[in-house]
Amino acid sequence: MTLATSSGLVGGQFAPAHSQQIIAVVNPATEEQIGQIIDGDAQDVDTAVRCAHQTFVATGWADLPATDRAQYLDKLADALEARSQQIAAAVTEQNGMPISMSNYLNGPFVVDIYRYFARAAREMPFEETRFSDGVTGIIRRQPIGVAGLIVPWNSPHCLMAFKVGAALAAGCTTVIKPAPETSLDMSLFAEAVLEAGIPSGVVNIVTGGRETGAALVGHPLVTKIGFTGSTAAGKLIASRAGAQLKRVTLELGGKSAAILLDDADLSAFAQTVIPLCSPYSGQICVSNTRILAPRARYDEVVEVVVEAMRSGAVGDPMNPSTVFGPLVSERQRTRVEAYIEVGRKEGADVVVGGGRPKDLDRGYYFEPTVFRKVANSMQIAQEEIFGPVLAVIPYDTDNEAVTIANDSRYGLAGSIWTGDPERGLELARQIDVGQIRVNTMVSGNGFPFGGFKHSGLGRELGPEGVASYTELKTIYPMNQGDSAQSPLTTN
Ligand code: NAD
């Protein structure tokens, strides 16, 4: 199967595309074209959506016992597990994520997410009975319908699993629109869907760019949009979906803060600088790109951060020891370079990095970079750069650290590093973000994930993630002795 002639999976088959437009896929480490995909048009989207809709209304998928749907999710996890290394390598070739990270984030991490949703489907009370005010009611969670799932390039398989896993657990059918930068690997995902025996029409895929995504958002038979990507695109999607009262879950940008308290163990923090603050060269939405340092320890913190960023090997993302691969595209690197200029003009100092690595003459590489003398009001502290660029910001009191952390239009994630976990917990309660860690890097699939403010709308993962693909219905059954008359009837 080649995505150069098919716009994706429709009704269990790689249907020939209507669109004749293609998008070139480039390896960001070599700048060479490695493939091409169809830029699906409105008709391709319509074909896939109609198939998903027909499957939803006419095949019994939505009414299948949740335990049966859970079995399909487990089978999908198995099929993906068998292909995880292939998928990870294919993603790295397209988006430049270091292979050691891709092997995990597009491999076992994804498998665990589908297994989690299988458990969630088994455990979710899709129907419960409630007694209130002397009345009995049945509360039924019903799948919402056709879910349009729009995925970005930065960690495609896990961000897709957040959506596909929840939608299938709930009983929805789906149309996935992967990012054009990372679509070649979707043929492996499609193979896994077929191998898992998921009934045809439940999982459909249409490749393409923004217009393909926009056609999915605008399609009247799509009842829910799950989206991860930029805040700008998220706002557009929310407004278009709002015009049709379409449900949305949006996971958008971030400018998260790592707060180092005055009693923090800096040697422990040093180990987390890259995975927490600049994973995948900062192209991960939860990166803690603002590092808040107590003024008395400011120089010490800058030194630790600089040393940590310097320690990461920059180079070929397929090399297992690489920590910083290339940025995903020329456009992304240009954007990062523009921010470096902005930061300099604003009066911040580049302590390390700030340009293209001298020894790499091809690939969209950018040096790991640290800014000091950063004020939180600066553009480089307020806007999501999506590159390996960290800003160290001084503060004087714990209260000021909280104020700075919250002084952001975003509210996705954050962390607190302290010798006193209780003090850390108390501050964590005051930070307006969807998830915050105290002295830890852990996360779990059973916990809601998403953002406050411009970081998104709604939550993925956990039972909350499944619930977002359902509608609630209250059924009042007739009980013995009930009157069929309305209490409003006067005669
Ligand atoms: P984007 O938001 O434009 O694209 C993400 C996905 O949405 C892609 O599949 C894209 O085709 C689709 N899309 C874009 N506009 C759409 C629209 N109007 N309607 C429907 N679908 C649409 O992101 P990008 O252009 O790849 O990256 C730009 C910036 O976005 C980055 O620099 C970064 O700041 C941010 N970003 C954030 C995340 C995240 O995880 N939160 C992921 C990717 C990019």
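Read the numbers this way: they start at 1 and go in the same order the structure lists the ligands and their atoms.
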I'd like to check whether [X] has a polar contact with ligand 1, where a contact means an N/O of the residue lying under 3.5 Å from an N/O of the ligand.
X	value
Gly213	no
Pro180	no
Arg335	yes

What atoms of ligand 1 come closer than 4.0 angstrom to any heavy atom of [X]?
X	result
Gly209	11 (O)
Pro152	42 (C), 43 (C)
Ile237	19 (N), 20 (C), 21 (N)
Leu236	18 (N)
Glu384	33 (C), 34 (O), 35 (C)
Val151	6 (C), 8 (C), 9 (O)
Lys177	8 (C), 9 (O), 10 (C), 11 (O)
Cys285	39 (C), 40 (O), 41 (N)

Looking at Val350, Asp349, Val352, Val273, which hits side chain to side chain contact (heavy atoms under 4.5 Å, CB included) with Val370? Val352
Out of Val91, Thr92, Asn106, which residue meets the side chain to side chain contact (heavy atoms under 4.5 Å, CB included) rule with Ile99? Thr92
Under a plain distance cut-off of 3.5 Å, with no hydrogens placed, do [Y] and [X] share a side-chain donor-acceptor pair?
X	Y	value
Ser183	Thr207	no
Tyr410	Glu384	no
Asp185	His157	yes
Thr403	Asp407	no
Thr228	Lys163	yes
Asp39	Thr212	yes
Asp316	Thr322	no

Which heavy atom of the protein is the closest neighbour of [atom], given with residue, atom name and distance?
atom	result
atom 26 (O) of ligand 1	Trp153 NE1, 2.5 Å
atom 38 (C) of ligand 1	Phe386 CZ, 3.5 Å
atom 41 (N) of ligand 1	Leu252 O, 2.9 Å
atom 7 (O) of ligand 1	Phe227 CE1, 3.1 Å
atom 40 (O) of ligand 1	Asn154 ND2, 3.1 Å
atom 3 (O) of ligand 1	Arg210 NH2, 2.9 Å

Using a strict 4.0 Å threshold on nitrogen-to-oxygen distance, state whether Arg409 and Glu383 make a salt bridge. no
So, are Glu195 and Arg83 salt-bridged, with charged N and O less than 4.0 Å apart? yes
Please compare Thr212, Ile150, Thr228 and report which has the shortest non-hydrogen distance to atom 5 (C) of ligand 1. Thr228
In terms of its nearest heavy atom to atom 1 (P) of ligand 1, the top option of Ser183, Ser287, Ser230 is Ser230
With heavy atoms under 4.0 Å as the rule, classify the contact between Gln332 and ligand 1 as side chain, backbone, both or neither. side chain
Please output the side-chain donor-acceptor pairs of residues 112-121 that fall under 3.5 Å, not counting sequence neighbours, one pair per line with the distance.
unit_1	atom_1	unit_2	atom_2	d
Arg115	NH2	Asp78	OD1	2.7
Arg115	NH2	Glu81	OE1	3.0

For Thr249, the side-chain hydrogen bond (donor to acceptor under 3.5 Å, both in side chains) test, sequence neighbours excluded, returns Lys224
In this structure, does ligand 1 have an atom that sits under 4.0 Å from one of the heavy atoms of Arg331? yes
